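Heavy-atom basis, side chains included; hydrogens, waters and symmetry copies ignored. First listed ligand is number 1; within each ligand, the first listed atom is number 1. Keep in mind the model is a prediction, meaning the values are calculated, not measured.
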Amino acid sequence: MIFDIATLFPELCDAWLSGSIIGRARRAGYVTIDCHDIRGFSEDKHRRVDDSPYGGGMGMVLGPTAIYNCFRYIERLRGECPHVIYLSPKGRVFSQREAHRLAEMKRPILLLCGHYEGVDQRVIDEIVDEELSIGDYVLTGGELGALVVADAAARLCEGVLPDESCFTEESHEQGLLEYPHYTRPPVWHGREVPEVLLSGHHANIERWRREQALELTLRRRPEMLEGAQLSKKDREFLEKCADVPG
Ligand SMILES: C[S@@+](CC[C@H](N)C(=O)[O-])C[C@H]1O[C@@H](n2cnc3c(N)ncnc32)[C@H](O)[C@@H]1O
């Protein structure tokens with residue numbers, strides 16, 4: 001999987017992408033995530049990339065030229081036209097399903113980060129394939145969005161996590177929130193680890209985890225259950241839970 005991030009702040013993105021699991025995966029070559037400074041593609045002698053909006057109003061707008069030059073550079077670098085995603089609060093809201101879609105994409109992906117009031121609409125119309133939002137709020141720039149998208153997709157790529165089972169049971173993978181986790185010590189501040197987890201009885205542990213996931217989802221995100229694959233046993237358990245106030 002190849003991600004290129006076009007941003008005014010490549011050093012901020014790169015600092016974050018160099019640590020922990022994603023940093024290791026990049027160094028080991030499981031994923032490529034490169035950051036590019038839009039300012040470096042400006043044709044202005046002062047490397048200016050923004051200007052005031054036509055029609056008046058507050059704030060500045062990122063102009064089309066440097067962004068387009070950056071896009072063309074990345075196209076040459078990768079030897080093919082990237083799939084361009086503009087991070088925007090007007091985009092479709094990003095989800096785990098979208099993360100899987102991007103992780104499976106064969107084309108390199110270019111994540112375009114806006115700033116100020118946003119990006120000149122003409123370059124969006126010219127190069128952008130889709131707009132993604134990371135939630136219904138407004139950030140100062142697209143960098144956090146690009147990092148969220150790149151991180152969520154990269155961790156699904158082969159080799160990044162030890163194996164697939166690391167994410168198949170996680171929240172949002174099967175329409176459920178994940179069960180709670182516990183580790184040593186067995187008693188902490190008077191709170192005990194649920195006995196079943198110490199029993200070594202794998203079938204009982206599996207059922208306990210399933211029921212915890214079902215109940216948590218019912219209490220916190222009941223709308224998710226509509227998309228979940230539920231057995232008869234799961235449905236019976238949920239009916240019992242629904243009778244007990246959470
Ligand atoms: C201050 S915002 C611009 C908001 C724009 N004027 C609007 O009202 O839709 C600056 C940049 O931050 C990024 N951004 C802001 N909120 C975002 C969100 N929820 N998801 C993804 N990117 C976001 C976009 O790249 C945007 O161009």
Numbering the atoms of ligand 1 from 1, which are under 4.0 Å from a heavy atom of [X]?
X: Val138; result: 1 (C), 2 (S), 4 (C), 16 (N)
X: Gly118; result: 27 (O)
X: Gly142; result: 12 (O), 13 (C), 25 (O)
X: Gly114; result: 11 (C), 25 (O), 27 (O)

For [X], which part has a heavy atom under 4.0 Å from ligand 1: side chain, backbone, both, or neither?
X: Tyr86; result: side chain
X: Leu62; result: neither
X: Ser133; result: both

Do the charged groups of [X] and [Y] touch, with an N to O distance under 4.0 Å?
X: Glu206; Y: Arg210; value: no
X: Glu43; Y: Arg48; value: no
X: Glu215; Y: Arg219; value: yes
X: Asp37; Y: Arg39; value: no
X: Arg92; Y: Glu130; value: yes
X: Glu169; Y: Arg209; value: no
X: Glu170; Y: Arg155; value: yes
X: Arg72; Y: Glu75; value: yes

If you measure every N/O of Gly145 against every N/O of ligand 1, is any gap under 3.5 Å? no

Report yes if some N/O of Cys113 lies less than 3.5 Å from some N/O of ligand 1; otherwise report no. no

Protein heavy atom under 4.0 Å of atom 27 (O) of ligand 1: yes

Looking only at protein heavy atoms, identify the closest one to [atom] and say how far it is in Å.
atom: atom 7 (C) of ligand 1; result: Pro89 CG, 4.1 Å
atom: atom 24 (C) of ligand 1; result: Leu87 O, 3.0 Å
atom: atom 10 (C) of ligand 1; result: Tyr116 O, 3.2 Å
atom: atom 21 (C) of ligand 1; result: Ser88 N, 3.4 Å
atom: atom 16 (N) of ligand 1; result: Leu139 N, 3.0 Å
atom: atom 20 (N) of ligand 1; result: Ile134 N, 3.0 Å
atom: atom 5 (C) of ligand 1; result: Glu117 O, 3.4 Å
atom: atom 19 (N) of ligand 1; result: Tyr137 O, 2.8 Å

Report yes or no: do Glu178 and His172 form a side-chain donor-acceptor pair below 3.5 Å? no

Side-chain H-bond candidate by donor/acceptor type, Gln229 with Gln174, under 3.5 Å: no

Close aromatic pair by centroid cut-off 6.0 Å: His36 and Phe41: no

Would you mind telling me which of Leu111, Ile124, Ile67 makes a side chain to side chain contact (heavy atoms under 4.5 Å, CB included) with Tyr86? Ile124

Is the shortest distance from a heavy atom of Thr140 to ligand 1 less than 4.0 Å? yes

